[in-house]
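Report on the structure given below.
So you know, we letter chains A, B, ... as the sequences are listed, proteins then strands, and number each from 1. Being a predicted model, the structure only gives us computed values, none of them experimental.
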Number of protein chains: 2
Amino acid sequence: MLLYQQIRHHLQERLATGELQPGCKLPSERTLQEQFNSTRITVREALARLEAEGLIYSQKRRGWFVTPEKLKWNPAKKVNFNLLAQEQEFTPQTRIVSLNTLLDNTICPELGNGALYCLSRVRSLNERAIMFEAIHCAKARFVDLEKQRLDGSITEVMANVYAVEISHETCQISVTVLPDYVAEILEKNNGTPCLKITRSRYSADNDLIDFNIEYWLHDAIEMIVEGH
Amino acid sequence: MLLYQQIRHHLQERLATGELQPGCKLPSERTLQEQFNSTRITVREALARLEAEGLIYSQKRRGWFVTPEKLKWNPAKKVNFNLLAQEQEFTPQTRIVSLNTLLDNTICPELGNGALYCLSRVRSLNERAIMFEAIHCAKARFVDLEKQRLDGSITEVMANVYAVEISHETCQISVTVLPDYVAEILEKNNGTPCLKITRSRYSADNDLIDFNIEYWLHDAIEMIVEGH
DNA sequence: CAGTGGTCTAGACCACGAT
DNA sequence: TCGTGGTCTAGACCACTGG
């Protein structure tokens with residue numbers, strides 16, 4: 001039996017029995033190294049696999065932790081992140097990273113030639129940052145967006161303030177790694193796996209209203225999809 | 001700039017310019033090591049990140065290769081793998097791994113107490129194995145399933161031979177790693193990231209017809225989801 | 001300040017693939 | 001048989017965290 005597999009299985013067992021509870025800190029790499037008469041490289045081989053599996057995650061230079069419950073999410077339904085999280089007994093939080101104006105639209109031709117807003121936010125569950133998103137919409141359509149509350153549901157701001165209703169959307173979902181600048185913002189190592197979701201949202205008459213890019217930590221979300 | 005980042009960016013660039021074409025083999029780890037005056041550990045650090053990103057993949061002890069195009073797939077639609085693949089100009093293939101009878105159903109209580117069939121298959125695109133699935137259904141409902149063609153659409157066999165129509169389904173989708181036995185079958189290293197999809201399919205009167213577990217290589221699939 | 005994880009060196013042996 | 005990737009050793013220095 002391979003050494004890193006032994007370490008991996010040892011930790012898996014301690015996770016399965018509940019000896020290591022969600023959120024709690026694992027022994028340090030050097031402790032594990034001694035315990036298994038091995039080296040840090042080999043220990044990290046095991047940890048990397050557990051991380052890919054979604055069982056543990058690292059906080060930069062702080063240590064390794066047991067992954068909390070995943071948020072269950074149905075991408076086909078209009079989501080309100082805060083409500084969804086609360087239903088599942090998480091404490092959600094949204095932090096605004098920036099609101100920029102892009103003078104020339106190179107992101108999404110469908111949104112026209114005019115200037116765009118780009119709203120970047122980080123969302124957390126129980127103090128753990130799990131998602132970064134960049135929301136793009138036409139500045140002309142949402143004048144003075146910066147004067148609105150932007151840490152809640154954008155869908156609701158669009159509906160209530162600008163009378164723009166979202167009727168349907170298309171998502172593309174793939175598995176990749178956080179772009180380096182996103183990893184920085186989420187305080188993750190570069191190369192951290194994630195789900196990338198790009199989302200185009202339309203009005204009833206098929207006008208593109210906004211175009212969003214989301215990066216979810218791969219171990220923080222589980223999708224539910226219902227087919228006809 | 002970190003050394004493994006330099007190596008990573010160097011390869012990313014060669015991928016972006018098309019110098020390294022989909023399917024083609026990368027230089028060996030030892031070649032890269034010399035080229036960057038580094039060590040294999042560091043080179044592999046870069047390769048691991050490119051793999052997580054979905055840009056390259058490894059074939060066990062054969063080398064590293066550029067990832068081909070992804071299959072685009074809408075999980076909310078009834079899929080026929082072969083048709084879907086052909087539409088996107090792949091050559092699909094299905095290999096039957098095993099058809100077992102499970103005498104006591106510990107997999108899925110909803111399928112009743114009776115014996116279950118468990119059909120395991122591997123699906124490939126252009127000779128690359130990209131998915132493993134285990135299909136579970138009640139033996140009593142699909143007697144002599146082993147006498148049917150099982151390398152095509154099971155949905156069609158159910159409809160045409162057994163007059164059982166699937167009306168709707170629920171999927172759960174998460175990111176994890178291949179279980180070790182699946183990694184073996186797909187000839188991947190253990191710890192390879194994947195999309196895990198569990199799928200429950202029902203008849204119009206809400207009878208559970210089958211319960212399936214699928215493991216897709218994370219770099220082989222992109223999902224499209226449409227929301228109301 | 002001590003301890004942590006992140007990065008890196010310079011080797012080694014093995015099983016397996018290609019030839 | 002030779003080259004490949006897979007695993008492993010025994011160290012090192014650094015940046016950062018936490019007390």
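- Geometrically, R128(A) engages Y57(A) in a cation-pi contact defined by less than 6.0 Å to the ring centre and at most 45° from the axis.
- Residue R8(B) is classed as having no contact, given no heavy-atom separation below 4.0 Å to the nucleic acid.
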Find every protein N or O atom lying less than 3.5 Å from an N or O atom of nucleotides 14-19 of chain C, and list the pairs.
from    : atom 1 : to     : atom 2 : distance (Å)
dA15(C) : N3     : R61(B) : NH1    : 3.2

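- With H9(A) contributing its side chain and Q5(A) its backbone, the two residues share a donor-acceptor pair below 3.5 Å.
- Classification of R14(B) and E19(B) as a salt-bridged pair holds, one side-chain N sitting under 4.0 Å from a carboxylate O.
- Between R8(A) and E45(A) there is no salt bridge, since none of the side-chain N atoms of the basic residue sits less than 4.0 Å from a carboxylate O of the acidic one.
- The CD atom of Q59(A) sits 12 Å away from the P atom of dG5(C) (whole-angstrom rounding).
- When the ring-ring contact (aromatic ring centres under 6.0 Å, His included) test is applied to F90(A), no partner is found at least two apart in sequence or on another chain.
- Salt bridge E187(B)/K60(B): absent, no basic N to carboxylate O contact under 4.0 Å.
- Closest-nucleotide positions on DNA chain D for E29(B) and R40(A) were compared, and the one nearer the 5' end corresponds to E29(B).
- Using a 4.0 Å heavy-atom distance criterion, L2(B) is classed as a sugar-phosphate-only contact.
- Taking the charged nitrogens against the carboxylate oxygens, D144(A) and K139(A) have no contact shorter than 4.0 Å, which rules out a salt bridge.
- Within residues 178-191 of chain A, no residue places a heavy atom under 4.0 Å from DNA chain D.
- Taking a heavy-atom distance under 4.0 Å as the criterion, the stretch of DNA chain D touched by chain B extends 5' to 3' from dT4(D) to dC8(D).
- Among the heavy atoms of the strands lying under 4.0 Å from T39(A) is at least one base atom, whether or not backbone atoms are also near.
- Ionic pairing of E214(B) and K196(B) is not present here: no N-O contact between side-chain nitrogen and carboxylate oxygen is shorter than 4.0 angstrom.
- Taking five base pairs at each end of the helix from dC1(C)-dG18(D) to dA18(C)-dT1(D) and finding the rotation axis that steps the C1' atoms of four pairs onto the next four gives two axes whose angle is 10°, to the nearest 10°.
- Here R95(A) pairs with nothing under the salt bridge (charged side-chain N to carboxylate O under 4.0 Å, His left out) rule; sequence neighbours left out.
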